[in-house]
Amino acid sequence: MLLNNTLGTVLDRKKSYLKDQILVTQNTKFTKFYIIHSGALKTYITTQDDNEQINGFYLPGDIVGLDSISTQIYNNNIKALTDTLVCELKYEELMSLIEINKKVRDTIFSLLSNDIYNYQKLVLCYSQKKADERLAVFIYSLYQRYEKRGHSSLNIKLAMSRSDIANYLGLTIETVSRSLTKFQEKNILSVKGKYIFIKDLNALIDLGN
């Protein structure tokens, strides 16, 4: 969901990060949120055996760091998936905006609700859905997120790698590749590099249900 324009000049304070640059390290003190202007970010935790577990992908208009409000520390590492431009918004600034502007408050609640909903979907994918179904749900969710931003095209550019997608969905890269091949054979979509063109949206939705 896109932030309301009432944030005004706050959004003019932009900072750039290069692809693979880390913005935040897990368990450090929470000080500010990151509003994505362009590019994409991912959040992940580092497990005890130093493996990476991805738990979120964020696109333009998203606010990253909302989950840190209660803990006052960053619960995840935040990393740039591509060259990314963000607005860094301090906690106190956002709280002030929420107090004086209902539209900003509603936007924040919607973003928090979306985060919870997406997490619930991820848990459901892990626990109940097969590999093909997980990937179908993921691709359709990306389509929905871009559509909410005004991009209704069935041609989607993936900001994340196949290995990142596999990590997020609890699959192997080989399984993701096999599933994409199946989808192409069934004429549900076509894949070219980082681009996915959805040929049959209804079939994609049915596969994920």
| query | Any side-chain donor-acceptor pair under 3.5 Å between Thr47 and Asp49? | reply |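 Short answer, yes.
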What is the minimum heavy-atom distance between [X] and [Y], and which atoms define it?
X: Val176; Y: Leu135; value: O-CD2, 3.8 Å
X: Phe30; Y: Gly65; value: CE1-O, 3.9 Å
X: Phe57; Y: Arg145; value: O-NH2, 2.8 Å
X: Ala80; Y: Leu23; value: N-CD1, 3.9 Å
X: Ile173; Y: Ser163; value: CD1-CB, 3.5 Å
X: Leu169; Y: Arg134; value: O-NH1, 2.7 Å

Problem set entry | Stepwise side-chain contact (heavy atoms from CB on, under 4.5 Å) check, Leu201 with Tyr140 | CA-CA 8 Å; Leu201 185 61; Tyr140 179 57; 3.9 Å; yes
Same hydrophobic cluster for [X] and [Y], using side-chain heavy-atom links shorter than 4.5 Å among ILVMFWY?
X: Tyr195; Y: Phe183; answer: no
X: Leu85; Y: Ile78; answer: no
X: Ile69; Y: Val24; answer: yes

Treating [X] as the side-chain partner and [Y] as the backbone partner, does any N or O pair qualify as donor plus acceptor under 3.5 Å?
X: Ser68; Y: Ile73; value: yes
X: Asp83; Y: Leu18; value: no
X: Arg149; Y: Gly61; value: no
X: Tyr74; Y: Thr31; value: yes
X: Gln72; Y: Lys29; value: no

Reported [atom1]-to-[atom2] distance for the pair [X] and [Y], which is rounded to 0.5 angstrom:
X: Ile156; Y: Ile139; atom1: CD1; atom2: CD1; answer: 7.5 Å
X: Lys14; Y: Ile35; atom1: NZ; atom2: CD1; answer: 10.0 Å
X: Ile63; Y: Tyr34; atom1: CD1; atom2: OH; answer: 13.5 Å

Report all side-chain donor-acceptor pairs from residues 185-194 shorter than 3.5 Å, counting only partners two or more places apart or in another chain.
{"unit_1": "Asn187", "atom_1": "OD1", "unit_2": "Lys199", "atom_2": "NZ", "d": "3.1"}
{"unit_1": "Lys194", "atom_1": "NZ", "unit_2": "Met160", "atom_2": "O", "d": "3.3"}

Would you call the rings of Tyr146 and His151 parallel, tilted or perpendicular, where under 30° means parallel and over 60° means perpendicular?
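Tyr146 vs His151 ring planes: perpendicular.
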According to salt bridge (charged side-chain N to carboxylate O under 4.0 Å, His left out), who are the partners of Lys79, at least two apart in sequence or on a separate chain?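 Lys79 satisfies salt bridge (charged side-chain N to carboxylate O under 4.0 Å, His left out) with no other residue.
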[Y] and [X], any side-chain heavy atoms less than 4.5 Å apart:
X: Gln26; Y: Asn76; answer: no
X: Leu142; Y: Leu158; answer: yes
X: Asn77; Y: Glu52; answer: no

request  = Begin with the C-alpha distance, continue with both residues' side-chain angles, and end with the deciding distance and a verdict on side-chain hydrogen bond (donor to acceptor under 3.5 Å, both in side chains) for Thr181 and Arg178.
outcome  = CA-CA 5 Å; Thr181 299; Arg178 282 197 297 270; over 6 Å; no
